[in-house]
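A short worksheet on the structure shown next.
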Amino acid sequence: MNSSKTEPILNIQNLSAVFTDGNGELRALDELSFSVQRQEFLCVIGPSGCGKSTLLRILGGLLRPTQGSVTFSGEPLVGPRRGVGFVFQNSNLMPWRSVFENIALPLEVQNTVMSQVRPQVQELVELVGLQGFENWLPRDLSGGMAQRVAIARALVHDPDVLLLDEPFGALDALTREKMGDELLRIAVHASGGRTRRKTIIMVTHAIAEAIFLADRVIVLSPRPGKIRMDVPIELPRPREERLRYTPEFGKLAQRLREAIG
Amino acid sequence: MRSRRVILLFVSIAGLLIGWQLLVTFGDFPRFILPSPGDVLNRFLETVGDGSLFRHLATTLKEVFWGLALGVSFASILGYLIAKSRWIERLLSPYIVASQSVPLVAIAPLLVIWFGPGMLSKILIAALIVFFPVLVNIVVGVRAVPEDLHALMRSLGATRWQTLRLLEMPAALPVFFGGLRVGATLAVIGAVVGEFVGADSGLGFLINVGRGLYDTALVFVAVFVLISMALILYGIVVGLEARLLAWQRRSEE
Ligand SMILES: Nc1ncnc2c1ncn2[C@@H]1O[C@H](COP(=O)(O)OP(=O)(O)O)[C@@H](O)[C@H]1O
Ligand SMILES: [Mg+2]
């Protein structure tokens, strides 16, 4: 995992984020430094308000850090990049667009020829298991289905990097576990076809979810967010349900729980 | 359900006509005060026959259409700029708010003096009266676009034009239609007010002529045609809205 020979895809140095508004300054992130390897699955956990979303927005090029630097594939990150897919906490779909049209949005923005769009979108529809729902509108979808559309939309332009901000936060526990499995199937374990393994950074506040999905977990302190702990998760892949009930899993969960405080 | 509504509508119209006829028969009003439904119908057929009704209707329709188009276009562009830029908002909003306290009826004569008794002055009056409600709706609609959807568009590297076309326009459409519905009715009022002040053609002009000649039946004809026109226009806007905003309809049907 930490082979120094491969260049990290993301390198974060002394990153701080300070918000200034009418009544003073609010330090959201404080001097974070870490790097992310290609094809790594990193989970970031921490108490709410500690700056997780802020961190993800910075990595997605949506927000400029107050201090520090972020390099993406060796270049300084100055704005949103096309090789990045973003999944927001709420599914963030356009209510006037059908499932198909929502998934096709990134291709439309990239001015892909419309005749080429259909097979690409259809492939994603099938990958997330929404065949038959292509023409449905977001208001008719369940939370889990809407989140699937959001994930398909983030993957349709085949990005190398996937940034997920508490993507399953609004789902019930069972749906949530199922969606985690599907995310692994689609973006990590999948082999062949055009779905190769992605670099994934996912924010969550569920410890078990982080351990089950990630190669590595970073724990942030309460605001201002600093790195409290950075642990590799050396559980075998593909991850299977029974892993959740092994002693290693339990020990990791306990360590992370104590780190969060 | 629907057919019952239509039947009720016919019953109420029939009731109105009967009541009207009874009033004429037993009230003993002179014709120039209250013509009977039959008188009005005859006058209607006459004006249709000699083509004058359609000529006047066409004038008013054109004024309403162009007034609406002009007012909605300007209000949309300005509303978008105001919604997107605090700077433009600070610069313009005092004037726009102040302009709302000017009664349009009072400045209509000025516009007729400046732009003549033809259609142009009516188009401008209609456009002015339409402007404000549409503007307010555009500002509200564009401001209400969720920040997360903006972040999504930025994360995709969307251009300003793409954000406008793919996000802001469809998101603001429901509120825009709210403004358009009000605007469509107001445009008719604006055009008729302009025609009252000074015109050589149009339904408002026809009302003036009828009044001058004590041809009250003609006034009734013009008023009924105006009402029908406003209703049809409103219906077109509502129909368009239902088509374009099908995604918004509640799933109760
Ligand atoms: N645009 C902003 N302006 C001012 N304060 C902000 C802004 N975005 C986030 N914050 C503040 O920064 C802190 C971290 O927010 P966030 O990154 O959303 O936390 P988390 O996702 O971990 O819950 C919070 O206290 C939040 O109120
Ligand atoms: Mg958050």
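Chain A is the first sequence line, chain B the second, and so forth, proteins listed ahead of strands; every chain is numbered from 1.
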Worksheet item: Roughly how far, to the nearest 0.5 Å, is the CG atom of B:L167 from the CG atom of A:L105?
Response: 9.0 Å

For [X], does the [atom1] atom have more than 12 heavy-atom neighbours from other residues, nucleotides or ligands under 6.0 Å away?
X	atom1	result
A:F34	CZ	yes
A:R64	CZ	no
A:F133	CZ	yes
B:R143	CZ	yes

Worksheet item: Which of residues 84-96 of chain A get closer than 4.5 angstrom to chain B, counting heavy atoms alone?
Response: A:F86, A:F88, A:N90, A:N92, A:L93, A:M94, A:P95, A:W96

Discussion item. Between A:R81, A:R153, A:R57, A:R97, who has the most heavy-atom pairs with chain B when the cutoff is under 4.5 Å?
Written reply: A:R153

Worksheet entry | Interchain contact, B:L173 with chain A, by part (heavy-atom threshold 4.5 Å) |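 For B:L173, there is no contact with chain A at all, as no heavy atom is under 4.5 Å.
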
Solution key, residues 145-158 of chain B side-chain donor-acceptor pairs under 3.5 Å, sequence neighbours excluded:
residue : atom : partner : partner atom : Å
B:R154  : NH1  : A:L62   : O            : 3.1
B:S155  : OG   : B:L152  : O            : 2.8

